[in-house]
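Okay, so here's the structure we're looking at.
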Amino acid sequence: MNIEIRFPDGNTKEFPQNVTPLEIAESISSGLARQVITAKVNGAVVDCNFPIRQDAAIELIKFDSDLGKEVYWHSTAHLMAQAVQALFPTVKVTIGPAIENGFYYDFDTDVPFTDTDLEKIEAKMKELAKENLEFTRKELSRNEAMQLFADMGETYKVEILESIPEDDVISIYTQGDFVDLCRGPHIIHTGKIKAIKLLKTSGAYWRGDEKNKMLQRIYGISFPDKKLLRKYLHDLEEAKKRDHRRIGKELDLFSISDAIGAGLVLWHPNGAMMRSIIEQFWKEQHYAYGYKLVNTPHIGKAHLWETSGHLGFYNESMYNPIIVDEQEYYLKPMNCPFHIAIYQSHKRSYRELPIKYAEMGTVYRYEKSGALHGLMRVRGFTQDDAHIICMPEQLDDEVSATLDFSLAMLRAFGFEHFQIYLSTMPEKAVGTPEDWDKASAALRKALEKAEIDYEIDEGGGAFYGPKIDIKIKDALNRSWQCSTIQFDFNLPTRFGMEYIGADNEPHQPYMIHRALLGSLERFFGTLIEYHAGNFPLWLCPVQVKILPISEKFEAYGKTVIAQLKKAGIRAEMDISNEKIGYKIREAEMQKIPFMFIVGQQEAESNQVSVRRHTKGTLGAFSVDHMIDEILSEIAAKK
RNA sequence: GCUGGAAUAGCUCAGCUGGUAGAGCAACUGAUUCGUAAUCAGUAGGUCGGAGGUUCGAGUCCUCUUUUCAGCACCA
C-alpha cells in the first residue's frame with residue numbers, strides 16, 4: 001500500500017507505507033540523504049528512521065536550520081555523556097540540551113573535570129563517532145523506565161522521570177552501550193558528527209537552583225564539517241578582539257583599579273570625552289522630549305529607604321550605612337526617592353502632569369563578586385534615570401512615547417538589533433493581579449503600536465511592577481539589559497504621592513521608572529563591542545590626528561589644528577620623533593578616523609593629505625574642504 | 001556567593017621536576033628629519049598580587065586572602 005507524501009513546495013509523491021524520512025531523502029538525492037538530520041512530519045519533529053504510516057506533509061531538516069542544529073548538537077551531547085561514562089564510570093548523568101551555539105551536559109561527579117580530562121573526553125567522542133553507533137528510540141512505561149534507571153544508579157534520571165507529566169510518552173535513546181532518557185529526536189548515527197570541540201567546563205546547579213548540589217557542566221560544539229568548526233573557532237577569536245575590556249585598554253578609555261575597588265570604574269580622558277558627548281546628546285534629547293533635568297545627592301537617610309522598601313527588599317545588595325550625627329545614611333541604590341521628594345516639595349495640580357524628572361544618577365549596589373564583569377556589571381554606575389509621574393488616563397501615551405524615545409536613542413548610537421522582553425508579575429509582588437494586568441496591558445499596547453518583536457518573560461517583572469526591557473548582545477553573544485521601562489505600584493503608595501484633580505480632590509498618580517541607556521558604564525561597554533572600537537565620528541575622542549612628515553612641518557600642523565579646533569573638531573598632532581609610517585601605524589591602531597599627513601607639498605599648497613582609518617589614502621584636500629566634510633559627517637551622526 | 005582556571009616590568013608573555021628573574025613592544029637618552037601600518041643604538045624599569053608557612057634555599061610547594069577569567073546563581 002502506498003501513501004502520499006507532500007513536500008513544503010506543494011509537490012506530492014507516492015511512497016510505500018512505513019517509508020522513513022531518510023528513505024524519502026535518498027529518493028531525492030544521495031547528497032540530501034547525507035545531510036538530512038531530522039524531519040517534520042505533519043509538523044511533529046521525528047527521527048530520520050521514523051516510519052510514516054499514512055499520508056503526510058514532510059519537511060526534511062538539515063544542519064543549516066536552527067532545528068537541524070538543535071538536534072545535531074543534542075545528539076552530540078549524548079555522545080559526550082557516553083564518552084564521559086566510558087572514561088569515568090562513577091559519574092552520573094543529568095541533562096544535556098542543545099544551546100544557541102553548541103550544547104552542554106551536566107554531570108554529577110565529586111572530582112571536577114580538568115582540561116586534560118576534556119581532551120580525553122573529546123578523543124573518546126571522536127573514537128565513538130567513528131563507530132557509526134546508531135541512535136535507537138524505544139518507548140516504555142513509566143515503571144519500566146524507573147526500574148531501568150534505578151538499576152543503573154542514575155538517580156537524576158529517576159528524579160526527572162518523576163516530574164514528567166502522567167500522560168507523556170516516555171522514551172529512551174540508545175547508542176552503543178549508552179542509554180539516556182530522552183524525548184528525541186536524534187541524528188541517525190554518531191558517524192554524522194565529524195568535528196567536535198569541547199570548549200569549557202564549569203559548575204552549574206542542579207535544576208538551576210543554588211540550593212541544590214553543584215554539578216559539573218561541559219560545554220562543547222560540533223559540526224558536520226571540519227571547515228565549519230574552524231570557522232566557528234576563528235569567529236570566536238575575532239569576537240574576543242572586540243571585548244570592551246581589551247579595547248578599553250588599547251584605546252585608553254577606562255580602567256578598573258584593584259587599589260580602588262572591584263567594580264568601580266575610572267574613566268580615562270578618551271572615555272570621559274565620549275561619555276561627555278553621550279551625556280550632552282542625551283540632555284538635548286531629554287529636553288526635546290519634555291523632560292526636566294534634576295540633580296540629587298549620593299546618600300540619603302535610612303528612613304527614606306525604609307519608606308521606599310529598598311531596605312526591605314534589597315538590603316543585601318546595598319552598601320552598609322554611613323553614620324553621621326548618629327543618623328544612618330545609605331549610598332543610593334536608586335534615584336527614585338529623591339525624585340519623589342522633588343515632586344512632593346509642593347502640592348501638584350493635575351495640570352502639571354505628566355511630570356518627567358530625568359537625571360544621570362550615580363548609584364551604588366553591592367553586586368556579588370562573581371557577577372562583576374568589566375563595565376557590564378559594576379558596583380558603582382550612572383543610570384540615565386527618569387521618573388514619569390502621570391494621571392492614570394495618561395499612562396498609555398506615556399509608555400508608548402517612552403518606548404519610542406528609547407528605541408530612537410539606541411538607534412542614534414548605531415544599534416539596530418535588540419531583544420525586547422515584556423516581564424510580567426513575579427511570585428513576590430505588590431499590587432493586585434488586576435492592577436498588574438492593567439499595567440501589563442499598557443506596556444503590551446505600546447509594544448504592539450511600535451510594531452516590534454518582543455518576548456514575554458513570564459514572572460520576570462520587578463516586585464513593584466511589570467516592565468519592558470531592551471537587551472543588547474555583546475561580542476560573545478551574551479545579553480545585557482540596556483533600556484528598561486518599569487511601572488511602579490509601590491512607591492506612589494508608600495510615599496503617599498498625590499495630585500489635586502479637576503474635582504479638587506487628591507488622587508494618587510501613576511509612576512514609571514525608565515532608563516534608556518541603562519547604565520552609562522554598561523552602555524559604553526556594549527557601544528565599544530558593537531563598533532569594535534571603530535566609533536562613529538561624532539563620538540570619537542580624537543577625530544583627526546595631524547601627522548607631520550618631520551619636525552619641520554609641525555608649525556604648519558599647528559595652524560591646521562587651530563583651524564580644526566576653531567570649527568569644533570577634536571584634533572591632535574603626533575610630535576613623536578618617528579617616521580611617517582610609524583605615526584600612521586599608531587593612529588591606525590588607535591582607530592582615529594582621520595589622519596592628516598602634512599609635509600612640504602601640503603604646507604606649500606595649504607592642504608592636507610587625508611588618510612581614513614581602515615580605508616587608506618583619499619588624496620590631498622584643502623583644510624576648509626575637510627572641515628566641511630567632517631562637520632557634515634559629525635552632524636549626520638554616522 | 002558557588003565550581004574551576006589565572007595573577008611575573010606600563011602592555012603582551014617566557015621562566016623544566018625548588019637554586020636567587022628574561023624577551024618583545026612601550027618609556028627615557030642620543031643619532032636621524034624621513035611621504036602612507038614598526039629607523040638605529042643605548043639606558044632605565046620587577047620585595048614575581050598580598051600575608052603566613054614548609055625548606056639550607058620559594059616566582060615555582062602548602063594555607064589564607066585580594067583581584068581577575070569562564071560558567072552557574074543573582075541582577076530593583
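Labels below follow one simple rule: chain letters A, B, ... track the order of the sequence lines, proteins then strands, and each chain is numbered from 1.
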What does [X] touch in the nucleic acid at a heavy-atom separation under 4.0 angstrom: a base, only the sugar-phosphate, or nothing?
{"X": "Ser609(A)", "result": "base"}
{"X": "Glu586(A)", "result": "nothing"}
{"X": "Lys467(A)", "result": "sugar-phosphate"}
{"X": "Gln383(A)", "result": "nothing"}
{"X": "Ile580(A)", "result": "sugar-phosphate"}
{"X": "Gln601(A)", "result": "base"}
{"X": "Arg217(A)", "result": "sugar-phosphate"}

Exercise answer: donor-acceptor pairs, residues 295-304 of chain A side-chain atoms, under 3.5 Å, sequence neighbours excluded:
unit_1    : atom_1 : unit_2    : atom_2 : d
Thr296(A) : OG1    : Lys332(A) : NZ     : 2.9
Thr296(A) : OG1    : Glu359(A) : OE1    : 2.9
Thr296(A) : OG1    : Glu359(A) : OE2    : 3.0

Determine the interatomic distance between [atom1] on [N] and the same-named atom on [M]; round to the nearest Å.
{"N": "rA23(B)", "M": "rG18(B)", "atom1": "P", "result": "25 Å"}
{"N": "rU36(B)", "M": "rU20(B)", "atom1": "C1'", "result": "49 Å"}
{"N": "rG22(B)", "M": "rG59(B)", "atom1": "C1'", "result": "12 Å"}

Using atom types as modelled, flag every donor-acceptor pair under 3.5 Å from a side chain in residues 472-479 of chain A to any protein atom, sequence neighbours excluded.
unit_1    : atom_1 : unit_2    : atom_2 : d
Lys473(A) : NZ     : Glu100(A) : OE2    : 3.1
Lys473(A) : NZ     : Asn477(A) : OD1    : 3.4
Asp474(A) : OD1    : Leu476(A) : N      : 2.9
Asp474(A) : OD1    : Asn477(A) : N      : 3.1
Asp474(A) : OD1    : Arg478(A) : N      : 2.8
Asp474(A) : OD2    : Arg478(A) : NE     : 2.9
Asp474(A) : OD2    : Arg478(A) : NH2    : 3.4
Asp474(A) : OD2    : Trp480(A) : NE1    : 3.0
Asn477(A) : ND2    : Glu100(A) : OE2    : 3.2
Ser479(A) : OG     : Gln419(A) : OE1    : 2.6
Ser479(A) : OG     : Gln419(A) : NE2    : 3.4

Mind jotting down which residue pairs meet the salt bridge (charged side-chain N to carboxylate O under 4.0 Å, His left out) criterion with at least one end in residues 572-585 of chain A? Sequence neighbours excluded, please.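 Residue pairs with at least one partner in residues 572-585 of chain A: Lys545(A)-Glu572(A).
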Write out the stems for RNA chain B, ordered by first number and formatted as range with range, counting runs of at least 3 consecutive Watson-Crick or G-U wobble pairs under 3.5 Å.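 Stem list for RNA chain B: B:1-7 with B:66-72, B:10-13 with B:22-25, B:27-31 with B:39-43, B:49-53 with B:61-65.
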Shoot me the first and last contacting nucleotide of RNA chain B against chain A, ordered 5' to 3', at under 4.0 angstrom to non-hydrogen atoms. rG1(B) to rA76(B)
With sequence neighbours left out, what residues match Glu119(A) under side-chain contact (heavy atoms from CB on, under 4.5 Å)? none
